[in-house]
Amino acid sequence: MRAKQQLEEKLKQILKELNMTWPEKAVLEPPKDKKFGDLAANLALVLAKEAGKNPRDLAAALADKLRCDDSLIADVSVAGPGFLNVRFSPDFWREEIRLVEEKGADYGRNDSGNRKRVQVEYVSANPTGPLHIGHGRGAAIGDSLARILRFSGYDVETEYYINDAGRQMRLLGLSVWLRARELKNLPVSWPEDWYKGAYIVEIAKELLAARPGLLDLPEEQSQDICFEYAMQTIFDGIKRDLKDFRVSHERWFSERSLVDSGAVARGFEMLKKSGYSYEKDGALWFRTTALGDDLDRVLKKSDGSLTYFASDIAYHNNKFERGFELVVDIWGADHHGYIPRMRAAVEALGKPRESFEVVLVQLVNLLKAGEQVAMSTRAGQFETLADVIMEVGADAARFMFLSRKSDSPLDFDLDLVKRRTLDNPVYYVQYAHARVSSVLRRAAERGLSLPERATAELLALLKEEEELELLRILDRFTDTVSGAARNLAPHHVSYYLMELSGALHSYYAAHQVLGAGSGQLSLARLALLRAVGQTVRNGLELLGVEAPESM
RNA sequence: GCGCUCGUAGCUCAGUUGGAUAGAGCGUUGGCCUCCGGAGCCAAAGGCCGCAGGUUCGAAUCCUGCCGGGCGCGCCA
């Protein structure tokens with residue numbers, strides 16, 4: 001971050017002197033091979049192409065300018081087709097420790113989001129039963145993404161959409177009501193698709209105990225009570241599960257409130273005005289094909305009732321009315337076919353395409369010792385999120401969910417997630433943090449007192465290659481965070497943490513800290529470890545994973 | 001059939017807006033502290049980045065076609 005910023009600034013200044021401007025496509029990044037230096041710029045390649053010049057000549061000219069300019073730059077060279085390779089001085093890198101010390105828990109925080117208003121909606125599972133492991137993945141991704149976006153200067157609000165209107169909810173009420181009648185030995189006839197789960201019986205029992213006269217009420221009223229009670233009970237469970245998973249939503253948004261407020265009707269009006277709706281076969285249609293979908297979609301059925309899509313349009317319209325500039329939905333991958341029509345809707349509502357993003361979360365295969373665990377409703381299996389958290393802990397589960405691109409299927413092996421080896425990277429990263437904490441504790445016991453801020457003089461003792469390597473990695477943390485935010489990809493942070501932890505373990509094995517030979521050198525190395533520990537902690541915080549002092 | 005998506009080491013996967021000789025872990029093989037946490041470290045072997053074209057200084061990345069896997073394709077929610 002600092003390296004990138006400073007070099008970019010220098011180069012811009014030089015370009016200005018040469019009457020050239022910084023091209024959009026210019027990139028500064030660490031080269032794949034370290035022998036090229038700390039940072040490589042393709043600037044000359046891009047500029048030379050535009051001007052029809054030789055990139056190597058241009059790069060050489062830029063390199064000369066850079067060289068005479070700066071004490072922080074140790075070496076500049078030109079290589080390959082015209083890359084400008086820069087190596088910073090050790091002093092430049094050592095400053096990173098002081099920056100971490102200054103920023104502390106805010107190290108890595110950045111303002112790349114420009115206070116853009118973003119909503120992240122996730123989980124939003126129907127209140128028809130407890131959360132399962134697939135919901136857990138969506139929950140971890142949504143929660144972590146919100147943390148990362150906030151850390152990157154976005155103005156974020158998280159939301160859970162409650163599907164409390166519609167047929168499924170009537171079925172839920174009916175199912176409880178029928179179970180209650182069954183418990184009272186009243187005649188029942190089961191409809192085709194009702195909720196058969198054992199928890200429905202439990203809910204019915206509880207409700208009967210609380211309201212003995214329930215079944216004496218008129219049928220409709222009685223079923224309404226059943227529905228309300230069942231939904232409340234199930235949501236209590238969902239909220240408890242989410243809390244145990246360290247996931248919280250700022251707002252719980254009810255679909256029913258949307259219907260009641262007339263928002264759906266308003267949505268229809270907007271579509272009609274924009275010319276995208278029409279009537280056919282007694283139903284109201286939305287011409288989504290005009291906006292990239294492969295079929296037109298029904299909004300209002302010929303029997304007068306609304307489709308799910310209709311209220312979803314109203315819901316998203318409501319989101320934009322609330323002033324969000326970017327709406328991020330986290331969906332199960334089985335809904336991906338739904339994206340084109342939702343995009344079409346957003347566009348018909350007059351919003352730019354890029355104001356709506358969907359993060360698809362692929363299915364989770366639950367395994368035990370390599371064997372697939374059936375995800376059926378049968379009891380006794382680790383099928384619910386609560387069971388999984390109890391089995392492996394929130395930290396391991398969250399890290400596992402966040403250590404893979406969301407859009408690729410994930411094998412979640414219960415035995416592997418409990419294992420404490422690199423197979424299961426959460427321990428590798430947490431161990432790095434615990435190790436740092438342990439050494440700092442030990443140092444204090446031995447009377448080595450590390451000041452809150454290290455001086456440049458002290459840090460000048462850091463000369464080992466592994467030390468400079470750690471510092472270079474630290475410098476990338478901020479970029480990693482802002483990149484994860486921009487790409488809506490929390491797993492970038494996980495991979496970064498694994499790399500940083502690996503570098504720490506290597507360093508630790510190669511060099512003594514407490515036994516470094518001189519007290520001053522020990523202190524300098526302790527300062528480095530403390531900065532690494534802080535960065536690991538900040539990164540884990542973004543994943544919602546704890547950074548233990550000891551394990 | 002149409003649409004979306006993925007195809008990278010034996011396995012599981014990274015690869016940021018196109019950058020240099022494609023990375024990590026597991027597994028395999030061989031090593032490492034009488035010392036700060038061995039839950040660790042070091043090293044070796046392992047690749048036509050699905051295939052074939054195209055775009056350009058440059059492609060795992062972008063475009064087209066094909067092959068293979070996953071998912072979706074209701075006046076369901």
Side-chain angles (χ1 to χ4, degrees), chain A residues 24-25 27 29 31-33 35-36 40-42 45-46 48-49 54-55 79-83 85 126 128 163 165-169 171 193 255 280-285 292-295 297-309 311-312 332-340 360 362-363 403-405 407-411 413 416 419-425 427-428 430-432 434-435 437-443 445-446 479-480 482-484 486-487 489 491-492 494-495 498-499 501-502 504-516 522 525-526 529 550-551:
Chain A
E24 271 302 305
K25 291 169 95 175
V27 193
E29 59 183 17
K32 280 183 183 166
D33 194 324
K35 79 177 178 202
F36 290 121
N42 64 351
L45 286 166
V46 177
K49 188 178 185 180
N54 181 336
F83 287 102
N85 294 321
N126 285 352
T128 57
N163 292 110
R167 209 178 73 89
Q168 285 206 20
M169 294 305 97
L171 268 181
D193 43 359
E255 180 187 7
K280 192 182 96 182
D281 304 332
L284 182 66
W285 292 72
D293 199 3
D294 51 354
L295 288 172
R297 308 292 170 177
V298 170
L299 296 168
K300 189 190 273 185
K301 299 179 238 175
S302 52
D303 68 2
S305 63
L306 299 173
T307 61
Y308 181 81
F309 184 41
S311 64
D312 232 12
D334 52 336
H335 288 84
H336 79 269
Y338 200 74
I339 295 175
L360 283 181
Q362 277 285 357
L363 298 180
S403 61
R404 194 129 310 171
K405 201 166 38 174
D407 191 24
S408 61
L410 174 70
D411 286 340
D413 191 317
L416 187 150
R419 214 177 294 162
R420 315 209 279 197
T421 67
L422 239 186
D423 278 334
N424 181 15
Y427 286 98
Y428 189 76
Q430 287 186 318
Y431 181 54
R435 214 170 201 185
S437 302
S438 163
V439 176
L440 289 170
R441 269 196 309 273
R442 194 60 60 92
E445 286 164 21
R446 296 192 186 178
D479 282 328
T480 301
S482 63
R486 188 177 60 246
N487 295 301
H491 73 283
H492 287 177
S494 311
Y495 277 91
M498 287 187 252
E499 186 184 350
S501 301
L504 175 80
H505 291 312
S506 294
Y507 172 58
Y508 185 86
H511 301 286
Q512 293 266 307
V513 176
L514 298 181
S522 286
R525 290 182 172 173
L526 283 169
L529 286 197
S550 63
M551 295 169 69

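By convention in this document, chain letters (A, B, ...) are assigned in the order of the sequence lines, proteins followed by strands, and residues within each chain are numbered from 1.
Within 4.0 Å (heavy atoms only), A:Pro409 reaches sugar-phosphate atoms of the nucleic acid but no base atom. As judged by a 4.0 angstrom heavy-atom cut-off over every strand, A:Ala40 is placed among the base-contacting residues. Looking at heavy-atom distances under 4.0 Å, A:Ala510 makes no contact with the nucleic acid at all. At a threshold of 4.0 angstrom between heavy atoms, the contacts of A:Asn85 include nucleobase atoms, whether or not backbone atoms are also involved. As judged by a 4.0 angstrom heavy-atom cut-off over every strand, A:Ala489 is placed among residues making no nucleic acid contact. When heavy atoms are screened at a 4.0 angstrom cut-off, A:Asp334 is found touching the sugar-phosphate backbone but no base atom.
Residue A:His492 holds its NE2 atom at 9.0 Å from OG1 of A:Thr480, rounded to the nearest 0.5 Å.
Spacing between B:G74 and B:G3 at atom P, rounded to whole Å, works out to 15 Å. Across the C1' atoms, B:C62 and B:U55 are found 8 Å apart, a figure rounded to whole Å. For the P atom pair drawn from B:G31 and B:G50, the interatomic distance equals 37 Å after rounding to whole Å.
Place A:Gly337 and A:Arg435 on RNA chain B by their nearest nucleotides, and A:Arg435 ends up nearer the 5' end. Between A:Gly515 and A:Asn42, the residue anchored nearer the 5' end of RNA chain B, judged by the nucleotide with its closest heavy atom, is A:Asn42.
For A:Ser506, taking side-chain heavy atoms from C-beta onward, the closest of the listed nucleotides B:C41, B:A20, B:G40 is B:C41. The A:Met551 side chain lies nearest to B:A39 when the options are B:A39, B:U17, B:C36. Of the listed nucleotides (B:C13, B:C36, B:G37), B:C36 has the atom at the smallest distance from the side chain of A:Arg446. Distance from the side chain of A:Ser438 is smallest to B:G37 among B:C36, B:G37, B:A77. Taking every side-chain heavy atom of A:Asn126 into account, B:A77 is the closest of B:U17, B:A14, B:A77. When the nucleotides B:A14, B:C41, B:A39 are ranked by their closest atom to the side chain of A:Ser408, B:A14 comes out on top. Relative to the side chain of A:His505, the nucleotides B:G37, B:C41, B:G19 differ in distance, and B:C41 lies closest.
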- Note on the structure: Per-nt protein contacts along nucleotides 55-61 of chain B (heavy atom under 4.0 Å; B base, S backbone sugar-phosphate only, - none) come out as -SB----
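Rounding to whole angstrom units, CG of residue A:Leu360 and P of B:C4 are separated by 13 Å. Taking atom CE of A:Met498 as the reference point, atom C1' of B:A39 lies 16 Å away to the nearest angstrom. Here the P atom of nucleotide B:G37 and the CD atom of A:Gln512 are 10 Å apart, to the nearest Å. Spacing between atom CZ of A:Phe36 and atom C1' of B:A22 amounts to 14 Å, rounded to whole angstrom units. Atom pair A:Gln430:CD and B:G40:C1' shows a separation of 16 Å (rounding to whole Å applied). Distance A:Tyr508 OH to B:C32 C1': 15 Å, rounded to the nearest Å. In this entry the distance linking CG of A:Asp407 with C1' of B:U16 reads 16 Å, nearest Å. Counting to the nearest Å, the P atom of B:A24 and the OH atom of A:Tyr428 are 12 Å from each other.
Using a 4.5 Å heavy-atom threshold, the side chains of A:Ser550 and A:Arg441 count as touching.
If you check distances only, the side chain of A:His336 does reach the base of B:G3 with a donor-acceptor pair under 3.5 Å.
Stem regions for RNA chain B, each three or more consecutive Watson-Crick or G-U pairs with both distances under 3.5 Å and listed by first number, read B:1-7 with B:67-73, B:10-13 with B:23-26, B:28-32 with B:40-44, B:50-54 with B:62-66.
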Which pairs, protein N/O on one side and nucleotides 73-76 of chain B N/O on the other, fall under 3.5 Å?
from	atom 1	to	atom 2	distance (Å)
B:C75	O2	A:Ser302	N	2.7
B:C75	O2	A:Ser302	OG	3.0
B:C75	N3	A:Ser302	OG	3.3
B:C75	N4	A:Asp281	O	3.0
B:C76	OP2	A:Lys301	NZ	3.0

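Here A:Phe83 packs flat against the base of B:A20; its ring centre is closer than 5.5 angstrom to the base's six-membered ring, tilted by less than 30 degrees.
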